[in-house]
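These numbers come from the heavy atoms of this one structure, side chains and all, not from hydrogens, waters or symmetry mates. Letters A, B, ... are given to chains in the order of the sequence lines, protein chains preceding strands, and every chain is numbered from 1.
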Amino acid sequence: MAVDTSVKIGEWQLANPIMTASGTFGYGEEFRPFVDLSALGAIVVKGISLNPRPGNPPPRVVETASGMLNAIGLQNVGVDRFISEKMPMIRRLGAQVVVNILGDSLEDYQQLAAKLDHVEGIAAIEVNISCPNVKKGGVAYGTDPAMAARVTEVVARASSRPVIIKLSPNVTDITVIARAVEGAGATAISLINTLIGMAIDIRSGQPKLANIMGGLSGPAIKPVALRMVYQVASTVKIPVIGIGGITTLEDVIEFMMAGATAVQIGTANFVNPAISGELVTGLGRYLQDSGRKAATELIGCVKI
Amino acid sequence: MAVDTSVKIGEWQLANPIMTASGTFGYGEEFRPFVDLSALGAIVVKGISLNPRPGNPPPRVVETASGMLNAIGLQNVGVDRFISEKMPMIRRLGAQVVVNILGDSLEDYQQLAAKLDHVEGIAAIEVNISCPNVKKGGVAYGTDPAMAARVTEVVARASSRPVIIKLSPNVTDITVIARAVEGAGATAISLINTLIGMAIDIRSGQPKLANIMGGLSGPAIKPVALRMVYQVASTVKIPVIGIGGITTLEDVIEFMMAGATAVQIGTANFVNPAISGELVTGLGRYLQDSGRKAATELIGCVKI
Amino acid sequence: MGISVELQYLETGQVLENALVGPDTCRMEIRSPKITAAAQPGQFVMVSVAHDSTDPLLRRPLSIHLADNGVLTLLYRMVGKGTRLMSQMKKGDEISLLGPLGRGFQIHDAAHHCLVGGGLGVAPLLFLGTEIKRRRPEERLTILLGGRSRNELLALDDFQKIAPVHLATDDGSSGLHGLVTDLLGQEIEGPATIYTCGPTPMMKGVASLARQRTWPCQVSLETMMACGMGACLGCTVQRPGFDETEKKYVHVCKDGPVFEAAEIWR
Amino acid sequence: MGISVELQYLETGQVLENALVGPDTCRMEIRSPKITAAAQPGQFVMVSVAHDSTDPLLRRPLSIHLADNGVLTLLYRMVGKGTRLMSQMKKGDEISLLGPLGRGFQIHDAAHHCLVGGGLGVAPLLFLGTEIKRRRPEERLTILLGGRSRNELLALDDFQKIAPVHLATDDGSSGLHGLVTDLLGQEIEGPATIYTCGPTPMMKGVASLARQRTWPCQVSLETMMACGMGACLGCTVQRPGFDETEKKYVHVCKDGPVFEAAEIWR
Ligand SMILES: Cc1cc2nc3c(=O)[nH]c(=O)nc-3n(C[C@H](O)[C@H](O)[C@H](O)COP(=O)(O)OP(=O)(O)OC[C@H]3O[C@@H](n4cnc5c(N)ncnc54)[C@H](O)[C@@H]3O)c2cc1C
Ligand SMILES: Cc1cc2nc3c(=O)[nH]c(=O)nc-3n(C[C@H](O)[C@H](O)[C@H](O)COP(=O)(O)OP(=O)(O)OC[C@H]3O[C@@H](n4cnc5c(N)ncnc54)[C@H](O)[C@@H]3O)c2cc1C
Ligand SMILES: Cc1cc2nc3c(=O)[nH]c(=O)nc-3n(C[C@H](O)[C@H](O)[C@H](O)COP(=O)(O)O)c2cc1C
Ligand SMILES: Cc1cc2nc3c(=O)[nH]c(=O)nc-3n(C[C@H](O)[C@H](O)[C@H](O)COP(=O)(O)O)c2cc1C
Ligand code: FES
Ligand code: FES
């Protein structure tokens, strides 16, 4: 008997809950030799801003214990070139595509959402609110419930597609932010973005990243991510997408049991570029072997 | 030429900057076969509360990628038995001792500090403010600057010894809390306590810890700890004690370069019970080999 | 309770042999003279499984299977990445051990000593049997071993060298078709002192039978451990009947791993 | 720029040999037919160094030293835990490789091809020299190698089999007492096409000499890499002269690791 692996995020039905995380999967094409992109739940592309950004000076990445720090600095081609150069290729790959957007101001977010709304072949918008609000002295949108709600409203109004708000874990109480964006009209919440970290090269006496600080990702942060997914899924009614250190099928199941409707694979794509496709197959087999009829049975089934 | 490895925390002069972290070194005696306790900068004992606490039901610990989660639940013998049973033994060991205290209310903290102030052989008090304030509905003291400042004031007033406030990393802006406790009279700040995390056993469908959530420690959290030490050391004028995933001599030097006056070794004691003593020796040799005259030269010397 | 920490060592041993001896089960011999000299039956060591890596991070607790002439033997099942990494070690490799740890079996005089082991629970019983035979050669010793099937009865030859062995298998492929608890009921008649190690349900069955007959019974427990030496307070087991006091919990690494069954289960 | 991703594989290779060949330096031969068949000189592979562990987490980039008849050879220095773990692998072990990656050396026709290598930078040059000789047997090929001392001149025999080799050592223990850049100035007279790999200061010296003489010069760069395949944007090198635009940076894993020196340094 066939297992139903599909899950729903708002009106959007995904073939399965396995997505790839923004910034870790390029624009998809790099992974063509290793993954059938059309078999994934969705791919999330690298964050897009209104204008092209060169990103930070090198070094941009450094390994840490079971993790890595990155300070890419949101390098991207800008929304116009993304639409004209990248989208046609992505459409040809047959993947469900989520476009991750980032801005320095509410107007940035509004314009990005509006521009992308006219573009064919986009399944959903994911809003990165870990970015600093330049008008508010650089405080990240994602650390203030009122600011997070405003961004959500602005994007939800400008977009006819599902709007996923991606939360920063660098906050005291993640449920406060989650409730704020739910109230402001988010279709779903994805979490976590990276934890802020740092490393120093003791030989040179300089930070290992030119940017001084960077984002910590990978298996090291999984326990923190799982805890936040559990807290948020227990708090809001909209779907939650789990992200953070997911590397194995067991990790996928843990996040779904904690309340995630879908998951995103990030750093693990660097370790094994075929992992996302393998997890799709593995999840189907697991559901079958464990006598479940649908992936949705896993969501939030942790016994407390 | 001899290197001066000593550092100062307020009026208190430590022979060297290597301390052991609360909850990871028992009451010291367990490590006698492996470490000369009197050679360490100091040991910090397991958190002490006003009344004995049995702690949480098992399972209490679980391994994660390059880290571990614990939910010991602050098991301890209570301050009276600590003073009568443990302190005589600790005094015999010849170690500099920091007593870590925790409470559910301001009165708890006040009474603990007052009781310990009469006890001989205590070098300093470390205040764990990651504990929930039962009167404020369980919000942790360490997540609210005003509450953190009140605890600091109360303990500083009740104690004639250096008062170290140990910060929780589960906050949006650690520098706000740091400034609040500095203003309230803290002699020094130690950080970080554990990050809150979770793990699920997918076979049973239950959380791996009976307490559902626990504290993440070990090398996995080092980048977050180092970042916070750097931020706090750049913000306050009082000494900062670095904690979080410190395992190697290189880690010690990174934390000191980031601004730590001393460091505490936690989870690494479980991996190698001799590590704290090895780091004392290693640091002396490193200072000599790198042509430095004093450990204090390292503090905050990172080149930005 | 309480053990002397003076006889604990952090020792770098040398792997002398490491081979598969059963389904997913390996036996490792390590030259480790200090720990071996101090070891008592029922004690364990904390083994460092990773070199130059922080994952797996923590040491793994393993019972002392034998300790003789400077050589420590471990019997372990590959259940996760730590034990899988151990299984890849080769002759000549170095391995860091911390031990001997914990409170082992108490060997008092008794008319009849009876060891009851199931699955990997046989690991500490070989050392125990060897010591009972050495220290009290005139007292009777019987060994009851259980496993899922014939090829899961570990170290059988070694046990048969020291005392009469009775077997039980779940599938009847060797000895009694049934549980080792049934074996205990059938084979042991007069009063006996019981020492048991194995899966918790098995040990509870053994302990309850012993209680009915008012036989002394020592059980060896397992829990998750971070430090193995009393520093983390992670390795608790709950004692029924003691509520909301400190005595509610015991710590397996220091108060145990061996307990009088009556201390733990009522 | 831009490379075809169609010829990239994730392949589980088999270690055929792994031995120390110089100070802290090992040479590993791996049966890896798909990657070997597609490999071009100057390309690299991302090697998975940890089994059953998340630390070290990321793959390590290593140049293709040789690719012949289904066998891929790597030459690597043990500098940290990843390469130390690699050095412990034994014949018969499996090793996961991702590759071939990046844009390698461009072999155009030239009167005189000159390879200039320093230290571990010789790794990709052996494959390059072999291919130049195979594809353009009638064109002149000269190899200049430098190292700190005689025993740090790696793969010397292999190089000597394909073309005349000139040496320079910092301590004068072999060849010219000096830098490989000096060698280039002294030994190469007529116009030549330069291919260089080694420490950045050395390559900058070589590139500047080539620029003065208006010789074409390709350089092979290294940076920290997370993915090796263009997905993380982590492996940037800054290009002087392009400010605040996207062109300010190139990505070593996709746009390189081999670049025309003029693209990178002015
Ligand atoms: C005092 C003591 C003595 C032991 N003696 C032996 C022995 O002689 N032979 C033997 O094969 N095993 C013994 N064990 C169990 C052994 O410690 C675990 O099997 C081992 O730690 C698993 O490590 P891993 O990395 O392979 O598995 P992991 O990947 O860590 O875990 C795999 C599975 O094993 C469970 N597990 C992990 N650690 C423990 C633990 N400490 N106790 C119980 N379950 C655990 C996990 O929950 C998980 O389900 C003993 C345990 C204790 C506490
Ligand atoms: C395209 C490319 C080709 C390479 N080819 C070879 C080769 O053929 N032979 C060889 O021996 N080495 C080569 N290197 C360098 C090699 O990748 C590093 O030495 C290796 O990754 C170090 O891993 P580790 O775990 O041993 O050291 P780590 O513990 O990770 O680091 C040890 C030291 O090496 C530095 N380092 C780590 N990774 C890199 C990196 N990717 N690039 C530069 N420095 C790094 C660190 O900053 C640190 O100082 C190449 C690098 C690149 C980018
Ligand atoms: C190199 C890199 C680049 C990233 N870029 C983005 C980005 O552009 N936008 C975004 O929302 N998140 C970005 N992230 C965060 C990831 O999408 C993900 O939230 C985070 O890495 C945690 O998941 P992981 O542990 O599985 O990697 C990036 C992460 C990495 C490692
Ligand atoms: C088992 C365990 C028990 C702990 N108990 C306490 C405690 O009682 N009081 C306290 O302030 N911190 C306690 N901590 C936190 C540590 O002191 C330290 O802040 C934290 O573990 C981070 O350091 P590490 O990564 O080096 O372990 C405990 C940590 C562990 C692992
Ligand atoms: S394992 Fe740490 S106290 Fe027992
Ligand atoms: S290493 Fe990831 S883009 Fe180059």
Q: So which heavy atom on B/Pro223 is nearest to which on A/Leu216, and how close?
A: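 Taking every non-hydrogen atom into account, CG-CD1, 3.9 Å.
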Q: Taking side chain as everything from C-beta outward and backbone as N, CA, C, O, which of these in A/Leu69 sits under 4.5 Å from a heavy atom of chain B? Side chain, backbone, both or neither.
A: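 For A/Leu69, the contact with chain B is made by the side chain alone.
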Q: Is a donor from one side chain sitting under 3.5 angstrom from an acceptor on the other, for B/Thr143 and A/Thr172?
A: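 No donor-acceptor contact under 3.5 Å links the two side chains.
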Q: Which heavy atom in B/Ala65 sits nearest to a heavy atom in A/Pro219, and how many Å separate them?
A: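 The pair with the smallest heavy-atom distance is CB-CB, 3.6 Å.
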Q: Please report the interatomic distance OG1(B/Thr64) to CG(A/Leu226), rounded to the nearest 0.5 Å.
A: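 One gets 11.0 Å once the value is rounded to the nearest 0.5 Å.
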Q: Working to the nearest 0.5 angstrom, can you tell me the gap between A/Glu254 CD and B/Lys208 NZ?
A: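 It is 5.5 Å, given to the nearest 0.5 Å.
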Q: Measuring heavy-atom distances to chain B, does A/Ile253 have an atom under 4.5 Å in its side chain, in its backbone, in both, or in neither?
A: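 Interface part for A/Ile253: both.
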Q: Check whether A/Ile212 gets within reach of chain B through its side chain, its backbone, both or neither, counting any heavy atom under 4.5 Å.
A: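 Contact with chain B is through the side chain of A/Ile212 alone.
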Q: I'd like to know which of A/Ala199, A/Gly218, A/Gly214 tops the heavy-atom pair count under 4.5 Å against chain B.
A: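 Highest number of pairs under 4.5 Å: A/Ala199.
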Q: Which bit of B/Ile202 comes within less than 4.5 Å of chain A, counting heavy atoms only: side chain, backbone, both or neither?
A: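 Answer is both: backbone and side chain atoms of B/Ile202 are under 4.5 Å from chain A.
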Q: Below 4.5 Å, heavy-atom pairs only: which of A/Ile196, A/Leu195, A/Ile174 has the largest tally toward chain B?
A: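 With the most close heavy-atom pairs to chain B, the winner is A/Ile196.
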Q: Heavy atoms only: give me the nearest B/Lys303-A/Pro207 pair and the separation to one decimal.
A: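 Between these two residues, the closest heavy atoms are O-CD, 3.3 Å.
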Q: Heavy-atom distance under 4.5 Å to chain B: side chain of A/Ser204, backbone, both or neither?
A: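 Backbone only.
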Q: If you tally heavy-atom pairs under 4.5 Å against chain A, which of B/Met213, B/Met228, B/Lys222 wins?
A: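 Most heavy-atom pairs under 4.5 Å with chain A: B/Met213.
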Q: Where is the tightest heavy-atom contact between B/Glu250 and A/Arg203, given as atom of each residue plus distance?
A: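 For B/Glu250 and A/Arg203, the tightest heavy-atom pair comes out as OE2-NH2, 3.6 Å.
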Q: If we define contacts as heavy-atom pairs under 4.5 Å, which of A/Val171, A/Val302, A/Ile200, A/Thr247 has the most with chain B?
A: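 Of A/Val171, A/Val302, A/Ile200, A/Thr247, A/Ile200 has the most heavy-atom pairs under 4.5 Å with chain B.
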Q: How long is the gap from CE on B/Met198 to CD on A/Gln231, to the nearest 0.5 Å?
A: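 The CE atom of B/Met198 sits 9.0 Å away from the CD atom of A/Gln231.
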